[in-house]
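See structure below.
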Amino acid sequence: MSNPVRVRIAPSPTGDPHVGTAYIALFNQAFARQNGGRFILRIEDTDQARSKPEYEQGIYKALRWVGLSWDEGPDVGGECGPYRQSERLSIYKDHAEILLEKGSAYPCFCTPETLTELRQSQEKAGKDPRYDGRCRDIDLKDARARIANGEKAVVRLKVPREGSTLFHDEIRGDITLQNQDIDDQVIVKSDGFPTYHLANVVDDHLMGITHVIRGGDWIISTPKHILLYNAFGWEAPSFSHLPLLLNPDKSKISKRKSPTSLTWYEEKGILPEALLNFLGLLGYSMEDGTEIFDFQTMAKTFDVSRIKGANSVFDITKLEWLNGMYLRELGTKELAEKIKNFGVSYPDDATLEAAVPLIQERIKYLSDVEERLGFFFRDRELQYEATDLLPKKKKDPVEVGKVLEAFRVRLEAFTGEMIPADVEALCVAQAEEMEWKKGDFFMALRIAVTGSKVTPPLCESMEILGRDTVLQRLAVAVEKLKSFVPTQ
RNA sequence: GGCCCCUUCGUCUAGCUAGGUCCAGGACAUCGGAUUUUCGAUCCGACAACGCGGGUUCAAAUCCCGCAGGGGUCACCA
């Protein structure tokens, strides 16, 4: 009879919402869903100096944006609340007291200055910096008296001097640390706030967390947590440490070297589904090799034993490809809707929907849309020079002007609908009449009509622009060539 | 530096638990070709890896040992 699965993420609201948080959250939620368990969000805001309410809001918003959701948390409630550590201070205080009484922890009166001194002298002597335990044996009664007297103190965990502590990592197997290599960790700061270690263990236990799935940077701390569980007489949860996300230079991911803020991805126009899919590919793989999958699929087949122990370089390149794949799978209306919501300026609904199929396979991000769409409705964006109108092998402005003018006349005389195939026939006929290569003609026309060398298919674009606009732009181009005087 | 973890193409990875089917498979990127009015998309193809050294074995990417390299961690931050 095992307990119902309960997992959690425990972000600190100390900065922009981090991809790493989404990464860890994804695996936790997948595990919870697969096991019919609960996924909890707990805010670890015990760092008074760095925690800010707006960062907390940012976490909720960004996580929801990528499509994650939790069953319990500060914003959605639950039976094990409060879910914000700053609101659980008395709980930690009580538990620290238990440890004190049991003799598993002790008050320490050393000031930051003496600790720094200690560390420096140890380093000078070539020894590992470690608290020397000078407050370890102060009688608890005496210590309490000193504290009552107004002396500042922290609480330290009394780590055994001998022996070793072992824990089982579901991904890497057994990991053992010698106790002598574990410091007497501070578990309550002098401001009365608990440190991560205490708060984390107490909360995980009180909230019934059965599986801790967190980043690999916590491996070294885990023995301390085991010691804490032991001191309380609690059963420890199972531990899985996910691969660390790395910068391209293989260092731990950082905002200096990689885009770490989830907001960045949103503003870039990355689809949340693509981001989530990409994260699911880091350190993890589906048994059948599928690389494009949604959360449901991942959750259905999720298997912790398929997670790698090695760290993963976080390389956006594959995400760009994935985003393109997701973008291309969208229906016209769907994409148009996303483009509108993304906030780019567009001419009008009808034009946008007509243009979407033309740009859909040409964009990597939603943020690419703005410039792709410009020429459809903004003449002022046609900022090309007369020389741009000259195809590679046709350097004579007079001839080019003649061709464009001839085409303008031809198009003006054409009374049918602007069906792409028909317009193309006009173009081809024009090129042939002047004995131009098709490519040269289309390029000159392309610049005249769109102002750019890189555009969606020309005839389809002209259909959307409408005959009048095209004629007008052709006239402008012809004028431009007339007044153009070659410099050599 | 101590301790801990990790090590398959440039990158993400499959294979490793139960050694032979792997002169190592897929994907992205790159390069080339096809298609083509540009770009893109698409299709085809190419390049490219078991860190090194010892063992064990008829046989090792897979097991063992050593080394090297990388990363993490050594806070009253999480």
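Among the atoms of the strands shown, only primed sugar atoms or phosphate atoms (P, OP1, OP2) are found under 4.0 Å from some heavy atom of A/Leu244. In this structure, A/Pro456 reaches the bases: a heavy-atom distance under 4.0 Å links it to at least one base atom across the strands shown. Residue-level contact check: A/Ser190 touches the bases, meaning some heavy atom is under 4.0 Å from a base atom. Residue A/Val154 is in base contact, counting any heavy-atom pair closer than 4.0 Å across all strands shown. As judged by a 4.0 angstrom heavy-atom cut-off over every strand, A/Arg372 is placed among residues making no nucleic acid contact. Using a 4.0 Å heavy-atom distance criterion, A/Lys127 is classed as making no nucleic acid contact. Within 4.0 Å (heavy atoms only), A/Pro11 reaches no atom of the nucleic acid at all.
Taking A/Lys308 as the reference, nothing meets the salt bridge (Lys or Arg N to Asp or Glu O under 4.0 Å) condition, with sequence neighbours excluded. Partners of A/Thr332 according to the side chain to side chain donor-acceptor pair (under 3.5 Å) rule, which considers only residues two or more places apart in sequence or in another chain, do not exist here. Applying the side chain to side chain contact (heavy atoms under 4.5 Å, CB included) criterion to A/Thr116, with sequence neighbours excluded, gives A/Gln120.
In this structure B/C22 sits in no base pair that meets the Watson-Crick or G-U test at under 3.5 Å. Across all strands shown, B/C4 forms a Watson-Crick or G-U wobble pair, both distances under 3.5 Å, with B/G71. Remark: B/A61 base-pairs with no nucleotide; criterion is Watson-Crick or G-U wobble with both hydrogen-bond distances under 3.5 Å. Remark: B/C28 base-pairs with B/G10. Criterion, Watson-Crick or G-U wobble with two distances under 3.5 Å. Under the Watson-Crick or G-U wobble criterion, with both distances below 3.5 Å, B/A41 is left unpaired in every strand shown. B/C16 makes up no base pair with any nucleotide shown, lacking Watson-Crick or G-U wobble contacts both under 3.5 Å. Judged by Watson-Crick or G-U wobble contacts below 3.5 Å, the nucleotide B/U36 has no partner. The nucleotide B/G66 finds its pairing partner in B/C52, both defining distances of the Watson-Crick or G-U wobble pair being shorter than 3.5 Å.
The side chain of A/Thr455 contributes no N or O atom lying less than 4.0 Å from OP1 or OP2 of B/U38. The side chain of A/Lys437 places no N or O atom within less than 4.0 Å of a non-bridging phosphate oxygen (OP1 or OP2) of B/U36. Residue A/Thr46 places at least one side-chain N or O under 4.0 Å from the OP1 or OP2 atom of B/A78. For B/G72, the OP1/OP2 oxygens have no side-chain nitrogen or oxygen of A/Lys250 closer than 4.0 Å.
Salt-bridge check for A/Arg84 with A/Glu56: passed, with a basic side-chain N closer than 4.0 Å to an acidic carboxylate O. Classification of A/Arg42 and A/Asp204 as a salt-bridged pair holds, one side-chain N sitting under 4.0 Å from a carboxylate O.
The CD-P distance, from A/Glu371 to B/C39, rounds to 16 Å in whole Å. Taking atom NE2 of residue A/His18 and atom P of nucleotide B/C77, one finds them 20 Å apart after rounding to whole Å. For A/Ile316 and B/U11, the CD1 to C1' distance is 12 Å, given to the nearest whole Å. The distance from atom NZ of A/Lys438 to atom P of B/U35 is 13 Å, rounded to the nearest whole Å. If you measure from atom CD1 of A/Ile447 to atom C1' of B/U37, you get 12 Å, rounded to the nearest angstrom. Here B/U37 presents its P atom at 13 Å from CZ of A/Arg362, a figure rounded to the nearest Å. Between A/Glu329 atom CD and B/A41 atom P the separation is 15 Å, expressed in whole Å. Residue A/His241 contributes atom NE2, which lies 15 Å from atom P of B/G72 at whole-angstrom precision.
At distances below 3.5 Å, not a single donor-acceptor pair connects side-chain atoms of A/Tyr23 with backbone N or O atoms of A/Leu244. Side-chain atoms of A/Ser258 do not come within 3.5 Å of backbone N or O of A/Thr260 as any donor-acceptor pair. Panel note: side chain A/Asp249, backbone A/Ser251; a donor-acceptor pair is recorded below 3.5 Å. In this structure, A/Asn28 contributes its side chain and A/Ile24 its backbone to a donor-acceptor pair below 3.5 Å. For A/Tyr55 (side chain) and A/Arg50 (main-chain N/O), no donor-acceptor pair under 3.5 Å exists by modelled atom type. At least one donor-acceptor pair closer than 3.5 Å links the side chain of A/Asn277 to the backbone N or O of A/Glu291. Side chain of A/Arg161 to main chain of A/Asn179: no donor-acceptor pair is present (N/O by atom type, distance under 3.5 Å, no hydrogens or angles). Proximity of a side-chain donor or acceptor of A/Ser12 to a complementary backbone N or O of A/Glu44 within less than 3.5 Å is detected. A/Glu273 contributes no side-chain N or O that, together with a main-chain N or O of A/Tyr326, makes up a donor-acceptor pair within less than 3.5 Å.
Considering only side-chain atoms of A/Phe442, the nucleotide from B/G72, B/U37, B/C77 that sits closest is B/U37. Distance from the side chain of A/Val454 is smallest for B/C39 among the nucleotides B/C39, B/C12, B/C28. Taking every side-chain heavy atom of A/Arg50 into account, B/C77 is the closest of B/A75, B/G72, B/C77. When each of B/A14, B/A78, B/C12 is scored by its nearest atom to the side-chain atoms of A/Arg306, the top-ranked nucleotide is B/A14. In this structure, of B/A78, B/C76, B/A27, it is B/C76 that holds the atom nearest to the side chain of A/Val186.
Only the P atoms considered, B/G15 is 29 Å distant from B/U57, to the nearest whole Å. Of the C1' atoms belonging to B/C9 and B/C22, the separation is 14 Å, rounded to the nearest Å. For the P atoms, the distance from B/G20 to B/G66 is 25 Å, rounded to whole Å. To the nearest whole angstrom, the two P atoms, one in B/G33 and one in B/C39, are 13 Å apart. For the P atoms, the distance linking B/C64 with B/C6 amounts to 12 Å, nearest Å. Separating the C1' atom of B/G53 from that of B/C43 is a span of 46 Å, rounded to the nearest Å. Nucleotides B/U56 and B/A75, compared at atom P, are 45 Å apart to the nearest Å. Nucleotides B/A41 and B/G25, compared at atom C1', are 26 Å apart to the nearest Å.
Atom CD1 of A/Ile447 sits about 13.0 Å away from atom CZ of A/Arg473, to the nearest 0.5 Å.
In this structure, A/Trp321 does not pack face-to-face on the six-membered ring of B/C28, missing the 5.5 Å centre cutoff or the 30° plane limit.
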Base versus backbone protein contacts along nucleotides 45-51 of chain B [heavy-atom cut-off under 4.0 Å; B, S, -]: -------
Footprint string (nucleotides 2-8 of chain B, 5' to 3'): B base within contact, S backbone only, - free, heavy atoms under 4.0 Å: SSSSSS-
Under 4.0 Å protein heavy-atom contacts per nucleotide of nucleotides 60-66 of chain B, with B for base, S for backbone only and - for none: -------
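With hydrogens and angles ignored, a donor-acceptor pair closer than 3.5 Å exists between the side chain of A/Glu291 and the base of B/G26.
Each of A/Ile147, A/Val188, A/Val154 was compared with A/Pro107 under the side chain to side chain contact (heavy atoms under 4.5 Å, CB included) criterion, and only A/Ile147 meets it.
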